Structures are given as C-alpha cells and as structure tokens.
Protein chains: 2
Amino acid sequence: MQIPLMQVPTPPGSAVVAPCCALAVTPVDEETAQRIAPMFKALGDPVRLQLAARIAAAGRTCVCDLTPHFDLSGPTISHHLKVLREAGLIDCERKGTWVYYWIRPESLATLAALLQADPVA
Amino acid sequence: MQIPLMQVPTPPGSAVVAPCCALAVTPVDEETAQRIAPMFKALGDPVRLQLAARIAAAGRTCVCDLTPHFDLSGPTISHHLKVLREAGLIDCERKGTWVYYWIRPESLATLAALLQADPVA
DNA sequence: CCTTTGAATAGATGATCGTCTAAACAGGAT
DNA sequence: ATCCTGTTTAGACGATCATCTATTCAAAGG
C-alpha cells in the first residue's frame with residue numbers, strides 16, 4: 001500500500017499528535033474548500049505549474065517570452081494563463097501589442113500557509 | 001482584468017525584484033512539473049481537500065469516520081482517498097475490518113516549500 | 001461454514017479538461 | 001485606411017474525471 005515519494009516512512013501504528021500543518025488546525029469547511037481548491041487545481045497541470053514558475057521567476061513576463069518554451073500552440077498557452085488568472089494566482093495587463101503577466105504572491109502565500117508545517121511548534 | 005481575492009493590488013508597473021517564493025528560485029523543469037503537479041491536482045478537488053484536512057486533523061482516521069461527513073456514496077469517498085494516496089499525500093493500512101488513513105507530512109512540506117515566501121529573505 | 005459489516009473494485013454515464021485550427025480582436029506602423 | 005504581429009476567443013474532439021449502482025473482497029463472529 002506504499003507509494004514511494006521521499007524518505008520518512010511514517011510509522012503506521014504511531015499515534016500522531018503534533019499537527020502536521022495548518023490543514024490540521026484550520027478547519028476546512030465546504031465553503032473554504034470550494035474557494036481554495038480551484039487554486040490547487042490550477043497548479044495541478046504540469047504546463048500551468050511551469051508557467052507559474054516562469055512568471056514567478058521572471059517577475060513581469062510577456063506571453064511572447066513564455067510560449068517558445070512549450071511545445072504547444074499559442075491559444076493553448078493563452079488558455080492555461082486564463083485558468084491561472086481566474087484562479088487568482090496571476091494577473092495581467094496589456095501594454096501595446098504585448099500582454100504581461102505577473103504572480104499574485106498573496107495567493108501563493110494563502111496556499112503555502114495551509115500546507116506548511118505548524119509554524120507555532 | 002482583476003479577479004478579487006485578497007488585499008494587495010500588486011502594482012502593475014512595479015519592477016518585481018524580490019523572489020516571491022521558491023517557485024521563483026527553484027527551476028521547475030518539465031520532469032519536476034510532472035512529478036509535482038499530480039499532488040496539487042489531488043488537492044484541487046473540494047472533497048479531497050476536505051478529506052485531506054480531516055485526516056490531517058484527526059491524525060489516523062478510519063474511513064468510517066470520514067464518510068458520514070460527506071453527502072457522497074462510499075465508493076466515491078474510496079475513490080477520492082485512492083487519488084490522494086496515489087499522489088503520495090496519504091497512506092493507509094487495514095486493521096481488521098477497518099482501514100485507517102494518515103497524512104504523509106513530507107509531501108505537504110514539499111508543496112509548501114515551493115509556494116512559501118522566500119525563507120532566505 | 002455461513003453471515004455480516006466495512007471497504008475496494010468494476011463498469012457506466014454525463015461533465016469537464018487539454019488541445020487543436022480557424023477566426024476575431026488590439027495596436028502599432030506603413 | 002490597410003497591413004502586420006501578438007494575443008484572445010470560438011468551436012470541435014478525444015481523453016479524463018466525479019459520481020453512481022452493483023458486485024467483489026477482507027476479516028471477524030456466530
């Protein structure tokens with residue numbers, strides 16, 4: 001029943017007490033889940049994850065600087081950018097012929113806060 | 001072009017310099033993206049996000065303690081648990097008639113590390 | 001052995017997704 | 001005005017997804 005991933009085997013019989021993350025502390029009701037899940041979903045595609053990473057790395061990025069790195073059509077890249085944008089992870093602005101995208105760090109922070117090991121511990 | 005989410009408006013013209021997160025520092029090549037994206041994808045469904053949160057909160061949780069909280073059939077819950085498990089986010093063990101699930105904190109930590117604000121800054 | 005209970009698997013169905021091509025749109029430059 | 005280039009939108013198509021019911025499996029108890 002094990003699927004290899006990293007190191008710690010996580011003793012099956014251990015009585016887990018310490019909270020592993022905010023997920024374990026902050027109650028995630030249905031409303032919260034429906035607000036947060038689309039962000040994770042947006043990052044749940046390899047192309048979009050790479051797009052987000054490139055935009056995060058480059059700061060303020062023209063679509064024309066993203067497209068060449070993928071073996072995909074322009075419209076497909078545009079579609080993925082739209083998904084990221086509608087999830088609230090990025091935003092954009094047209095400047096003449098070109099459109100520039102940038103990361104919304106608050107959104108990433110929201111997700112990170114849910115996942116990271118309990119900062120209080 | 002704005003989609004409301006949190007507070008910071010993120011000035012469009014600002015020359016972003018400081019890395020917002022590990023995404024901006026760690027290069028996310030295609031291979032990495034294909035390894036990580038399924039984990040985000042698994043959390044990208046409201047039901048699975050709530051399942052993960054409940055398991056994280058409860059520590060070591062019987063399926064029978066999860067199912068009643070959702071308006072879904074047993075097999076559907078079972079399916080979602082399988083998705084989370086195959087993504088490496090949870091693991092399970094049968095104990096007699098019951099099956100218990102627990103969180104794999106290393107996996108959550110991997111994702112958190114990618115998203116959280118640059119810890120070096 | 002048979003029954004019972006908890007959970008997973010099999011298979012079906014309608015919805016959503018990722019991708020493409022073709023067309024439309026936005027702005028500069030001739 | 002007209003063209004050219006970068007980007008988005010529209011629409012189509014096959015693949016994957018979330019859910020269900022029916023069935024099977026696992027393990028305990030008579």
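Chain letters run A, B, ... following the sequence lines, proteins first and then strands; every chain starts at 1. Quantities reported herein were computed from a predicted structural model and do not represent experimental measurements.
A search for side chain to side chain contact (heavy atoms under 4.5 Å, CB included) contacts involving A/Thr26 returns A/Ala22, not counting sequence neighbours. Residues forming a side chain to side chain contact (heavy atoms under 4.5 Å, CB included) with B/Ala112 (at least two apart in sequence, or on another chain): A/Leu115, A/Gln116. By the side chain to side chain contact (heavy atoms under 4.5 Å, CB included) test, A/Asp29 pairs with A/Glu31, A/Thr32, sequence neighbours left out. Checked against side chain to side chain donor-acceptor pair (under 3.5 Å), A/Thr76 has the following partners two or more places apart in sequence or in another chain: A/Ser73.
Through side-chain heavy atoms spaced under 4.5 Å, either directly or across other Ile, Leu, Val, Met, Phe, Trp or Tyr residues, A/Val83 is tied to no other residue. Taking a 4.5 Å side-chain heavy-atom cut-off between Ile, Leu, Val, Met, Phe, Trp and Tyr, the cluster of B/Tyr100 extends to B/Trp98.
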Please output the side-chain donor-acceptor pairs of residues 43-51 of chain A that fall under 3.5 Å, not counting sequence neighbours, one pair per line with the distance.
| residue | atom | partner | partner atom | Å |
| --- | --- | --- | --- | --- |
| A/Asp45 | OD1 | A/Val47 | N | 2.8 |
| A/Asp45 | OD1 | A/Arg48 | N | 3.3 |
| A/Arg48 | NE | A/Ala42 | O | 2.7 |
| A/Arg48 | NH1 | A/His80 | ND1 | 3.1 |
| A/Gln50 | NE2 | A/Pro46 | O | 3.4 |

Would you mind writing out the side-chain donor-acceptor pairs for residues 63-72 of chain B within the sub-3.5 Å range, not counting sequence neighbours?
| residue | atom | partner | partner atom | Å |
| --- | --- | --- | --- | --- |
| B/Thr67 | OG1 | B/Val63 | O | 3.1 |
| B/His69 | ND1 | B/Asp65 | O | 3.1 |

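If you take CG of A/Leu81 and P of D/dT8, they are 7 Å apart, rounded to a whole angstrom. What separates CD1 of A/Ile77 from P of D/dT7 is a distance of 11 Å, to the nearest Å. For the pair B/Leu84 CG and D/dC17 P, the interatomic distance rounds to 13 Å; values are reported in whole Å. At whole-Å resolution of the value, NZ in A/Lys82 and C1' in C/dT19 are 15 Å apart. Rounded to whole Å, atom P of C/dC17 lies 11 Å from atom CD of A/Glu86. Spacing between atom CD of A/Glu93 and atom P of D/dT7 amounts to 14 Å, rounded to whole angstrom units.
A heavy atom closer than 4.0 Å to some atom of DNA chain D occurs in A/Cys62, A/Val63, A/Cys64, these being the qualifying members of residues 62-69 of chain A. At a non-hydrogen distance threshold of 4.0 Å, nothing from residues 42-52 of chain A comes into contact with DNA chain D.
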Atom pairs under 3.5 Å: protein N/O with N/O of nucleotides 13-16 of chain C:
none

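Between A/Cys21 and B/Ala56, the shortest heavy-atom contact is SG-CB, 4.3 Å. Among all heavy-atom pairs drawn from A/Ile55 and A/Ile103, the shortest one is CG2-N, 3.7 Å.
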query = Base, backbone or nothing for each nucleotide of nucleotides 20-27 of chain D, written B, S, -, heavy atoms under 4.0 angstrom, 5' to 3'?
reply = BBB---SS

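OP1 or OP2 of C/dG6 has not a single side-chain nitrogen or oxygen of B/Tyr100 nearer than 4.0 Å. Contact between the side-chain N/O atoms of B/Tyr101 and the OP1/OP2 oxygens of C/dA8 is found at a separation under 4.0 Å.
The CG atom of A/Asp91 lies 10.0 Å from the CZ atom of A/Arg60; values are rounded to the nearest 0.5 Å. Rounding to the nearest 0.5 angstrom, the gap separating the CZ atom in A/Arg85 from the SG atom in A/Cys92 is 5.0 Å. The structure places CD of A/Glu106 at 10.0 Å from CG of A/Leu89, a figure rounded to the nearest 0.5 Å. Rounding to the nearest 0.5 Å places OG1 of B/Thr61 at 9.5 Å from CZ of B/Arg54.
Across C/dA7, C/dG18, D/dG6, the shortest atom-to-atom separation from the side chain of A/His79 is found for C/dG18.
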